[in-house]
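In this text the structure is predicted, and so the values were computed from the model without any measurement.
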Amino acid sequence: KQDYYEVLGVQKGASENDIKKLSSNYNIGRLYLLGGEPLLEEKLVIDSLNVCRKLLPDTEIRLLTNGLLVPKMSKALWNSVNKNNIIFFVTQYPPTIKILKTIQSVFIENNVKYILGAEVSFFEKRWTKNPLEDAAYNADMCPSSGCHYFGNGIISKCPDAATIKYVDSLRMIGEKS
């Protein structure tokens, strides 16, 4: 099984060099760490939390997750989350809502701060090859509106603009599976 991050040459985790650049040039009040689903790679998350906290001691750091893997996480993750004062931000998709009480009890048991996002019942398309769809509407409805993306030494106002070159590669990997 191929790791699509490796195939694309995309860096996984919080790059110490990128975080250093950000912290030396900007006052960052809040930082969201996202994935895909970040909890798929627990060790990578722990390493990223340690790097971010070391370089951003006064920043509020939130880990954005769908929460489905929360009940399966190890004590090592919870220790790192608490040591680094991380807040979990859980997006409430229908499968998450089904096990929300379990997720919350894991957070409480491990003394983890958490925020529940709004319930999500549908997804808006952001990228499309269909000329009949309204690209302006899709851009206006983008859930990443107002986000900034950083990686590989660049900062972009739009995560999609910074990662667009990977879209066709991801599609091709999906077709091979």
Looking only at heavy atoms, the pair that brings Leu33 and Pro38 closest together is O-CG, 4.5 Å
From CG (Asn85) to CD1 (Ile61), nearest 0.5 Å: 8.5 Å
Between the side chain of Glu37 and the main-chain N/O of Asn66, is any donor-acceptor distance below 3.5 Å? yes
When you check the gap from the basic side-chain N to the acidic O, do Lys72 and Glu42 get nearer than 4.0 Å? no
Which word best sums up how the rings of Phe88 and Phe107 line up, parallel for under 30°, tilted for 30 to 60°, or perpendicular for over 60°? tilted
Identify the heavy atoms of Asn82 and Asn110 that sit nearest to each other, and give their distance. ND2-O, 2.9 Å
Answer yes or no: is there a donor N or O on one side and an acceptor on the other, between the side chain of Gln92 and the main chain of Gly117, under 3.5 Å? yes
When you look at Glu41 and Val45, which way does the side chain to side chain contact (heavy atoms under 4.5 Å, CB included) test go after all the steps? CA-CA 6 Å; Glu41 298 200 41; Val45 170; 5.6 Å; no
Could you tell me whether Asn25 atom CG has more than 12 heavy atoms of other residues or ligands within 6.0 Å of it? yes
Ignoring hydrogens and geometry, is there a side-chain-to-backbone donor-acceptor pair from Ser80 to Ala76 under 3.5 Å? no
Nearest 0.5 Å, please: how far is CG in Leu56 from CG in Leu22? 7.5 Å
Begin with the C-alpha distance, continue with both residues' side-chain angles, and end with the deciding distance and a verdict on side chain to side chain contact (heavy atoms under 4.5 Å, CB included) for Val70 and Val90. CA-CA 10 Å; Val70 165; Val90 179; 5.5 Å; no
Consider salt bridge (charged side-chain N to carboxylate O under 4.0 Å, His left out). Of Lys113, Arg53, Arg30, which one does Glu60 pass it with? Arg30
From Leu63 atom CG to Ile115 atom CD1, the distance as rounded to the nearest 0.5 Å: 11.5 Å
As an exercise, state the distance from SG of Cys52 to CG of Leu31, rounded to the nearest 0.5 Å. 5.0 Å
With rounding to the nearest 0.5 angstrom, report the CG to CD1 distance, Leu68 to Ile103. 6.0 Å
Please report the interatomic distance OG1(Thr65) to CG(Leu39), rounded to the nearest 0.5 Å. 4.0 Å
Apply side chain to side chain contact (heavy atoms under 4.5 Å, CB included) to the pair Glu119 and Thr96, showing each step before the final yes or no. CA-CA 9 Å; Glu119 290 187 20; Thr96 304; over 6 Å; no
Group every Ile, Leu, Val, Met, Phe, Trp and Tyr by side-chain heavy-atom contacts under 4.5 Å, then state whether Ile97 and Tyr114 land in the same group. no
What's the verdict on side chain to side chain contact (heavy atoms under 4.5 Å, CB included) for Ile19 and Lys54, showing C-alpha distance, side-chain angles and the deciding distance? CA-CA 10 Å; Ile19 300 285; Lys54 178 178 87 174; over 6 Å; no
